[in-house]
Amino acid sequence: MTLISIEDARELILAHCQPLPPEDLPLSEALGRALVHPVVAAMDIPPFDNSAMDGFAIVAADTEGAKEEEPVSLAVVDVIRAGTSGKQVVVSGTAAKIMTGAPLPEGADAVVESESTTETAGTVLVRRKVKSWDNVRPMGEDSPKGTEVLAAGAAIGPAEIGVLASLGMPTVRVYRKPSVAIIATGSELVEPGNPLAKGQIYNSNAYTSEAQCVEVGVKPQRMGIAPDDYDVTLAMMRNALVNDVLITSGGVSVGDFDFVKDVQDALGVERKLWRVAMKPGKPLSFGVFERPEGGRCLVFGVPGNPASAMVSFELFIRPTLLRLMGHTAVVRSVSTAVLAQDEPNSEKRVRVVRVWLERSEGRVLAHSTGSQGSGRVRSMVGASALAFVGPEGSGKKAGDQVDVMTIRETRV
Ligand code: AMP
Ligand code: MG
C-alpha cells in the first residue's frame with residue numbers, strides 16, 4: 001500500500017464510521033455527546049414578555065419630553081416580583097414596579113430601569129424618555145416556538161444543555177459511546193509498578209491512549225501487554241474484537257517480530273490503509289472487522305513510538321470516536337501560526353511538530369516543545385498544538401507561516 005496524506009487517511013477512516021445506536025440520557029449525563037435529532041422548540045422561550053431590568057413597567061408614551069431636570073411623575077399601582085404576575089392594568093399615568101424576569105403587566109409596553117427613576121411614596125419620577133419595548137424581552141425572542149434551535153449531530157456542551165433545560169426537556173436522545181479496547185504489543189514492555197529487567201521499558205502507550213480516550217468521554221479497557229508472539233497476540237486481539245474499536249500499539253512496522261498486521265489478516269480484519277505520509281506516525285494501520293453476528297470493530301494499529309502513538313490518536317482515532325458518537329464536527333480547528341524556529345523537512349512526509357503557541361505582538365508564534373524524536377513522549381508534554389511542516393522542500397524557516405491544529409489550551 002502506498003503512503004497517503006493525513007487528510008485522505010482521515011477521510012478514508014471516517015467513511016467507515018457509522019454513528020452507534022441511540023440512547024436517552026438525563027441532561028446531566030449528556031455532556032460531550034451528540035444529538036440524534038434536531039431540537040425544535042415546542043414552546044416560546046421566553047414563554048411571556050418579561051422585564052430585562054429591575055424598574056417600572058409603564059406606558060412609554062407617558063415619558064414624552066421627560067428629562068433629567070424635568071421628570072414625569074407616575075402613580076405606582078403594583079409591585080410585580082419574578083414568578084408572579086401583575087394584578088393591575090397599567091394605564092396612562094401609572095406604573096408597576098417590576099423585577100427582572102417578571103411578566104410585563106397588561107397595558108404596559110416598556111420598562112424603565114430603576115437607575116433612571118426616583119421613587120417616592122406612591123409615585124415614581126421617570127427622568128428619561130422611554131421607547132416602546134425598551135427593556136422588554138419579548139415572548140419567543142430567544143427560541144420562537146416551532147424553530148429548530150439545535151441541529152442533529154450537534155455537540156452537547158453547556159450551552160446546548162441550557163437550551164434543552166430551558167425547553168423543559170429532562171432527557172435527550174444521543175448516540176451511545178463506543179467500547180474501546182487497548183492492547184500494547186512488545187516483549188520489552190512491563191506495566192508501571194513492576195521492576196524492570198535489562199532491556200525492558202515501561203508500557204506508556206496504553207496509558208496515553210487510555211487518557212486520550214477519556215478526554216473525549218470514552219472509558220476504554222486496557223487489555224494488557226501482548227509479547228511479540230504471533231499466537232498470544234492473535235488470542236488477545238481476537239478477544240478484543242467484540243468492541244467497537246481496538247487500538248494496538250507497536251508491532252505494525254517491518255521488524256522481524258512485528259506481528260500485528262499478520263494477526264489482523266489472520267483474524268479477517270480487512271485492511272483499509274497502512275502507512276500515512278507523516279512523521280511521526282507513518283506505519284499506522286487501519287482496518288475493519290465485520291463480526292459474523294453483525295456489528296463491526298474498527299481496528300487501529302498505531303506505531304509503538306510514544307510520540308507516534310499519541311499523534312496518531314489525535315489525528316485519526318479521536319475523530320473516529322467522535323464520529324461513532326454521532327458528532328458532525330470531529331476535526332480540531334486548524335489555524336495559522338508563525339514558526340519561532342527553523343523546522344527542516346527534506347522528506348516526502350509531513351512533519352507533525354509538537355509546539356506551544358504564544359500570542360506575541362499581534363501574531364501567534366509556534367515554539368517547538370524541544371527534541372522531536374518519535375520515541376520521545378516528552379515532545380508531547382506542554383504541546384498546545386500540532387504544526388504541519390512540509391512535505392518536501394527544505395522545510396520552513398523561523399518566521400514562516402504554518403498550519404497549526406490546537407489540541408489544548410494555550411499560554412497567554
Ligand atoms: P514498534 O512499533 O513495536 O517497533 O516499537 C517502536 C518503539 O516504541 C520501540 O522502541 C518500542 O520499545 C517502543 N514502544 C512500543 N510500545 C510501547 C509502549 N506501549 N510504551 C512505550 N514504548 C513503546
Ligand atoms: Mg515492538
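Each ligand, and each atom within it, is numbered from 1 in the order the structure gives.
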Give the table of side-chain donor-acceptor pairs shorter than 3.5 Å for residues 94-106, with sequence neighbours excluded, one pair per line with atom names and distance.
unit_1	atom_1	unit_2	atom_2	d
Thr94	OG1	Val91	N	3.0
Thr94	OG1	Val91	O	2.7
Lys97	NZ	Glu119	OE1	3.0
Thr100	OG1	Asp54	N	3.1
Thr100	OG1	Asp54	OD1	3.0

* Kindly tell me which protein residues have any non-hydrogen atom under 4.0 angstrom away from an atom of ligand 1, grouped by chain and ordered by number? => Ala184, Thr185, Glu188, Leu189, Ile201, Tyr202, Asn203, Ser204, Asn205, Ser249, Gly250, Gly251, Gly304, Asn305, Pro306
* To do: Using salt bridge (Lys or Arg N to Asp or Glu O under 4.0 Å) as the criterion, point out the one residue from Arg351, Lys397, Lys396, Arg354 that pairs with Glu343.
  => Arg351
* Summary of ring-ring contact (aromatic ring centres under 6.0 Å, His included) pairs that have at least one residue in residues 207-232, sequence neighbours excluded -> none
* Asked: With sequence neighbours excluded, what pairs up with Asp265 under the salt bridge (charged side-chain N to carboxylate O under 4.0 Å, His left out) test?
  -> Arg271
* Asked: Hey, is the main chain of Glu11 close enough, under 3.5 Å, to the side chain of Asp8 for a donor-acceptor pair?
  -> no
* To do: Report the distance from atom CZ of Arg291 to atom CZ of Phe289, rounding to the nearest 0.5 Å.
  => 7.5 Å
